[in-house]
Amino acid sequence: MINITLPDGSVRQCTPETTAMEIARQISEGLARNVLAALVNDEIWDSFRPLKKDCSLKLLTWDDKEGKYAFWHSSAHLMAEALEALYPGIKFGIGPPIENGFYYDVDFGGKPFTADQLEAVENKMKELTSADNTYSRREVSKKEAIEYFTQKGDQYKLELIEGLEDGQITFYHQGNFTDLCKGPHIPSTGKIKAVKLLNIAGAYWRGDEKNKQLTRIYGITFPKAKELSEYLFMLEEAKKRDHRKLGKELELFMFSDKVGQGLPIWLPRGTMIRERLERYMRKEQTERGYVQVVTPHIGKKDLYVTSGHYEKYGKDSFKPIHTPEEGEEFFLKPMNCPHHCEIYGNKPRSYKELPLRIAEFGTVYRYEQSGELNGLTRVRGFTQDDAHIFCTDDQIKEEFKSVIDLVMEVFIKLGFENYTAQISLRDKTNREKYIGSDSNWDKAEKAISEAALEKGLKTITEYGEAAFYGPKLDFMVKDAIGRSWQLGTIQVDYNLPERFELEYITSENTKARPVMIHRAPFGSLERFIGVLIEHCNGNFPLWLTPDQVAILPISEKYEEFAKNILNYLEKYDIRGLIDNRNEKIGRKIRDAEMKKIPIMLIIGEQEQENNELSVREHRTGDIGKMKPEMFVEYFKNKLI
RNA sequence: GCCGUUGUAGCUCAGUGGUAGAGCACUUCCUUGGUAAGGAAGAGGUCGAGAGUUCAAUUCUCUUCAACGGCUCCA
């Protein structure tokens, strides 16, 4: 007999052949129906695997992340079985569960596979779910595994097996399909009640572009049909708040083939948002002791040779700009820091000047690969709310903490609650690719980690994600469709001050090298606004929105009154427009609602006579009449 | 950059080997209307660009540009 400890602390005795599923059944039939996998000690197991030894056991259902993963992993196998039934002879790469669903990489052997074939696969999968085939696990020797896939002719699986140790290899089987897999899997295919294959895309084998490109098929499944329809509805909703779509509808920005790929053009309404963000940031920075500068959009090749960017990125960036002068080359600036280093080096600096915080809304240009461009979130020309803090070693941590404060202030102001901070450190094994000394790196990495800890940030640490010149702390936010984007960033740099030979005079009248911190709370204004659009679904905070108020006269007769009101509001810094089209009020309201204007002021005979405004709020409706003075008061209160 | 899909009016999209259509938006006129679409008429397209096949190409083929979905990359 063995002892099984359940999460509530109770212990059950049973035979070593007992499975998690049997225990579930002992507890209740309902639970047994919902069990997808089991957490045995700290490993995730199949619910149908004999427990063998004393252990702790947690039953996993759809409500557990691990339960979902087992479910989707099994769904990937199910899709593979369906594909193999429909297209015999195809080869399989990997087929893991992902955050929302699963995929499988398939080699169709040169035959095309297009999206309109997905439905047939989906139908086959549904057929296989109604067969309710059980999943089973089998430990196999490496030899046996190799034999099986050699006979099947699947070179990808063979390659995977090569990397595995004998004795650790398992096969999973359901229906007519056997796969190399470490599991775990759900009990049977019948649990999968709803199937949707979403899209197909190319993916390199093992993520290496030198390898063959396989067809990746993405899908999602659910234990209830209703959950699928809810998910699909959610996807539709997410599409509606896509910043590319809203940006077009609300006339915030555009792209032009003639101007070029990845080069956003800001329309008047979008520019208003940008400028308000800039103004806000400038104010915050001034309060924190930053000084503002302006530098040119180009710089001589020499500048980037000195900074090291030329060597590292010269080949992959925009081609140099040549002048009539023989041999003279300029580059579009990919970063502002070299320019700022020149500002620092403009005169001798004293320790009394440090920390010196140089800020600029600097527009930079980077030649991103064409396939990587995406709306405002990935562009070739963008403006950073950049600043470089030159300070002493001892000041790093304090400066770092103050920047973390600033970033959090910005996120709170704009309603981003769901962000994570990522600490990016060096690759533990390969240190070749980094510039700078080991001791400097160690110091910087320590300062970042401590600052983040002391500020109580929720962080994850990633090794190998550091920039080539220093470790960094990035703030990541998710967009409407769940994609994660980096916004704010703080980076320590021991490298550039050295390359530019920057110095300051210490209190002992000796020379010392400052440390540089790059930081950008928004990151890029483009990306920030892109994510912000999706975050608030185009309903910007009142202080930021392009048009705060729409004045809607009932008819042409009240146009004069409307103008007076607008003039009055402008005196109080309230931005508005008058809709004086020859349309009925219902129509004007509808259009203002569609344009997501936060406040509508409806004025007609009654309002004109009593010098009043009928106030209507976006998405809320009529909230009654007010005197203009009262409205200003009301508006100011809403701003906070 | 690579693979796949797409490209027709300002927007969203039908459609065809015989040089194009809808809804909305736009313009004009009628209507002067009270909280999410008043009515009528009109204008608007080198069918992404270039080349080829054909008597004839927006439609078929190739090239190219761009967008989208991924992969790879990212100072």
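Below, chains carry the letters A, B, ... as their sequence lines are ordered, and counting in each starts from 1.
Using P as the reference atom, B/rA9 and B/rG21 are 14 Å apart when rounded to the nearest Å. Taking atom P on both nucleotides, B/rU6 is separated from B/rA75 by 34 Å, rounded to a whole Å. B/rG17 and B/rU53: their C1' atoms are spaced 12 Å apart (whole Å). Taking the C1' atom of each, B/rG39 and B/rG33 are spaced 13 Å apart, rounded to whole Å. As rounded to the nearest Å, B/rA40 and B/rA22 have P atoms that lie 15 Å from one another. The same atom, P, is picked in B/rU64 and in B/rU5; the two are 16 Å apart, to the nearest Å. For the C1' atoms, the distance linking B/rU54 with B/rU59 amounts to 13 Å, nearest Å. Atom name P, nucleotides B/rU19 and B/rU32: the rounded distance is 46 Å, in whole Å.
Toward the 5' end of RNA chain B, the nearer of the two residues A/Arg380 and A/Lys625, judged by each one's closest nucleotide, is A/Arg380. When each of A/Gln384 and A/Ser614 is assigned the nucleotide of RNA chain B bearing its nearest heavy atom, the one mapping closer to the 5' terminus is A/Ser614.
Ring centroids of A/Trp205 and A/Tyr156 are separated by less than 6.0 Å, placing the two rings close together. Ring centroids of A/Tyr310 and A/Tyr304 are separated by 6.0 Å or more, keeping the two rings apart. Aromatic ring centroids of A/Phe390 and A/His340 lie 6.0 Å or more apart.
Ring geometry for A/Phe255 against A/Phe253 counts as perpendicular: the plane angle is over 60°, on a 0 to 90° scale with 30° as the lower cut. By the 30° and 60° cut-offs, the orientation of the rings of A/His388 relative to A/His518 is perpendicular. Ring-plane geometry between A/Phe318 and A/Tyr365 is classed as perpendicular, the angle between the planes exceeding 60 degrees on a 0 to 90 degree scale with a lower cut at 30.
The residue A/Ile602 sits close to a base: some heavy atom pair falls under 4.0 Å. Using a 4.0 Å heavy-atom distance criterion, A/Gly586 is classed as a sugar-phosphate-only contact. A/Lys312 comes within contact range of no nucleotide atom at all, as no heavy-atom separation falls under 4.0 Å. Using a 4.0 Å heavy-atom cutoff across all strands shown, A/Arg616 reaches at least one base atom of the nucleic acid. A/Gly604 comes within contact range of at least one nucleobase, with a heavy-atom separation under 4.0 Å. The residue A/Glu607 sits close to a base: some heavy atom pair falls under 4.0 Å. The residue A/Glu605 sits close to a base: some heavy atom pair falls under 4.0 Å. Counting any heavy atom pair closer than 4.0 Å across all strands shown, A/Glu249 reaches no nucleic acid atom. Heavy atoms of A/Phe113 sit nowhere under 4.0 angstrom from any nucleic acid atom. Across all strands, A/Asp622 comes closer than 4.0 Å to base atoms (heavy-atom distances). Using a 4.0 Å heavy-atom distance criterion, A/Gly375 is classed as a sugar-phosphate-only contact. Residue contacts shown for A/Gln213 include a base, since a base heavy atom lies under 4.0 Å away.
Between A/Glu236 and A/Lys240 there is no salt bridge, since no side-chain nitrogen of the basic residue lies less than 4.0 Å from a carboxylate oxygen of the acidic one.
With hydrogens and angles ignored, no donor-acceptor pair under 3.5 angstrom links the side chain of A/Tyr204 to the base of B/rG4. Contact of A/Arg244 with B/rC68 (side chain to base): no donor-acceptor pair of N or O atoms is detected under 3.5 Å.
Taking every side-chain heavy atom of A/Arg378 into account, B/rC74 is the closest of B/rU32, B/rC74, B/rA75. Closest contact between the side chain of A/Tyr218 and the listed nucleotides B/rC68, B/rC71, B/rA75 involves B/rC71. In this structure, of B/rA66, B/rU12, B/rC71, it is B/rU12 that holds the atom nearest to the side chain of A/Lys248. Counting only heavy atoms from C-beta on, A/Ala203 has its side chain closest to B/rC71 among B/rU32, B/rC71, B/rG34. Candidate nucleotides B/rA75, B/rC74, B/rG34 were compared by shortest atom distance to the side chain of A/Glu368, and B/rC74 ranks first. Here the side chain of A/Ser555 is nearest to one of B/rG34, B/rU32, B/rC73, namely B/rU32. Relative to the side chain of A/Arg590, the nucleotides B/rA37, B/rG70, B/rC68 differ in distance, and B/rA37 lies closest. Nearest nucleotide to the A/Met335 side chain, out of B/rA75, B/rG34, B/rA66: B/rA75.
With centres under 5.5 Å and a plane angle under 30°, the ring of A/Tyr313 is stacked against the base of B/rA75.
Here B/rG4 sits opposite B/rC68 as a Watson-Crick or G-U wobble pair (both hydrogen-bonding atom distances under 3.5 Å).
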